[in-house]
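Report on the structure given below.
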Amino acid sequence: MGPEINHHPLSRADGSVSFSNNLYTILAAVNGPVEVQRRDELPEEAAIEVNIRPVAGVGGPRERWLESVVTAVLRSVLLVHMHPRTLIQITLQITKLPTQKLRGAWKDVSVLPALVNAAFLALADGGLPMQSTVTAELFTISEDGEIHASSAEGDLSACTGAFALAYNQHGEMLMNESAGNFSLEAWEKAGDTAAKFC
Amino acid sequence: MAAVSLIPGEEVPSDRLPKAKKGTLTLGPGLRHILPSTISATTPGVLQVDHKKAAVWLEYPNGRYQPSVGDLVVAQIHHSTSEAYSCIVTPHTPFALLGQLAFEGANKKTRPQLKAGDMVYARVSRASKYEETELECVSASTGKADGMGPLKGGMVFDVSPSFARRLMMGNGKGGVIVLDEVGEKARFEVAVGRNGRLWLDSGSVAVTIGIGRLLQQTDEEGWDVEAQKKAVRKLVKDLGG
């Protein structure tokens, strides 16, 4: 079963999308290009601000790290030079968590693909100019060395390594985060599978 | 020919591009030129081609309005300075400047005195990503107002910029016949701003609100011509002819 996408659920945001895959549901809203604070202003490009809100609470250092990863991916995709001295504001609200409790690096890596996909779809919904598409997916490598895509909860608890990889439509890698124990060959195998999948 | 839908980063197939007589091709919103000869999409959308003007662009329903020169907009005065009025064209963006003397027949003694909150119908005279947007209420070449200027009374409704564009196409080409149909039954004045703001004034409050709501619903729910006719008939009946 593929991910579920709901287009433009929020009428007051410039672009919005509700994205659910096997593990998480994310509500993404995009506003922009809007006016930027003097301190965040960049002379030649648009500033990108990503806000990630977990299911409960406002979020701490973990959410700030996730924001920095998502911002880096989006910066390589958005045409920031078209709107200098403006702000593109993206808010990602996690609305549903997987029932199984994940810890540490596994938790961080598993939510990244959903966040990146939701952010990209919301940007496309809002008509923000981008130079390519982005597709992100979570891959797990099980003990026998097999790579699985679109992992469900069962796969995550049984695997030895998990990779969050994103590619654009031309096959260029845009994001690479991983958790667990794995060898370099395993990583390369995951990379190739992902490039074909995306 | 079937319509072509593109996603960001996808190239426009070269057999779709119109042949330009003078050798220049105009690129509209949603497309960019990567040297030497690739044209690729920057947003998702349906490709539109105009062979007469040798222009090609993408249509997309959502998105914020970006000012471009020559567009007519409904702007609201925020505050005034000695040289210009600062106006709001789109919310949460820097102000657009409307010169104090940019009105028909205006000089230092006889210019319109506009207060904060007043609406004006103006044309975008300057818009670039590096400069502030500038507006004018008089045509620079002829010196006449051409329907631009302060809008008194009435009410403003918000619609999406693409719907405003369809409304401005005229002759029913945009597929919106609400105004023509209602015009047969009621008298009203309307100013459509390309920035997604619509100003309406009619004799009575009920008629103004009725027509405004009808236009907003046509936009939000994507009514076709039949649904629009039905809604207009219902409105006329509710308002008692």
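Atom set for the values below is all heavy atoms of this structure, side chains included, hydrogens, waters and symmetry mates excluded.
At most 12 non-hydrogen atoms from other residues, nucleotides or ligands lie less than 6.0 angstrom from CD of E132(B). Enclosure of atom CZ in R53(A) by more than 12 non-hydrogen atoms of other residues, nucleotides or ligands within 6.0 angstrom is indicated. Crowding of R62(A) atom CZ: a count of heavy atoms from other residues, nucleotides or ligands under 6.0 Å exceeding 12. Environment of NZ in K96(A): crowded, with over 12 heavy atoms of neighbouring residues, nucleotides or ligands closer than 6.0 Å. Enclosure of atom CD in E83(B) is not indicated, since only 12 or fewer non-hydrogen atoms of other residues, nucleotides or ligands lie within 6.0 angstrom.
Proximity to chain A (any heavy atom under 4.5 Å) is restricted, for Q66(B), to the side chain, taken from C-beta onward. Proximity to chain B is limited to the backbone of L128(A), based on heavy atoms less than 4.5 angstrom apart. Proximity to chain A involves both the backbone and the side chain of T93(B), based on heavy atoms less than 4.5 angstrom apart.
Between R64(B) and V34(A) the shortest side-chain heavy-atom distance falls below 4.5 Å. For the pair L79(A)/R32(B), a side-chain contact is recorded, criterion being any heavy-atom separation below 4.5 Å from C-beta on.
When each of G15(A), P43(A), P33(A) is checked for heavy-atom pairs under 4.5 Å with chain B, P33(A) comes out on top. The residue among G126(A), S11(A), P84(A) with the most heavy atom pairs within less than 4.5 Å of chain B is P84(A). Of the residues considered (L78(A), D125(A), V77(A), T133(A)), D125(A) shows the highest number of contacts with chain B, using heavy-atom pairs under 4.5 Å.
Here the OG1 atom belonging to T90(B) is positioned 9.5 Å from the CG atom belonging to D14(A), to the nearest 0.5 angstrom. A distance of 8.5 Å separates NZ of K129(B) from NE2 of H83(A), quoted to the nearest 0.5 Å.
Here the closest heavy-atom approach between residue E44(A) and residue Y130(B) is recorded as OE1-OH, 4.4 Å. Nearest heavy-atom pair, A124(A) versus P44(B), reported as atom, atom and distance to 0.1 Å: O-CG, 3.5 Å.
With sequence neighbours excluded, no residue forms a ring-ring contact (aromatic ring centres under 6.0 Å, His included) with H81(A). Not a single ring-ring contact (aromatic ring centres under 6.0 Å, His included) links Y65(B) to another residue, sequence neighbours left out.
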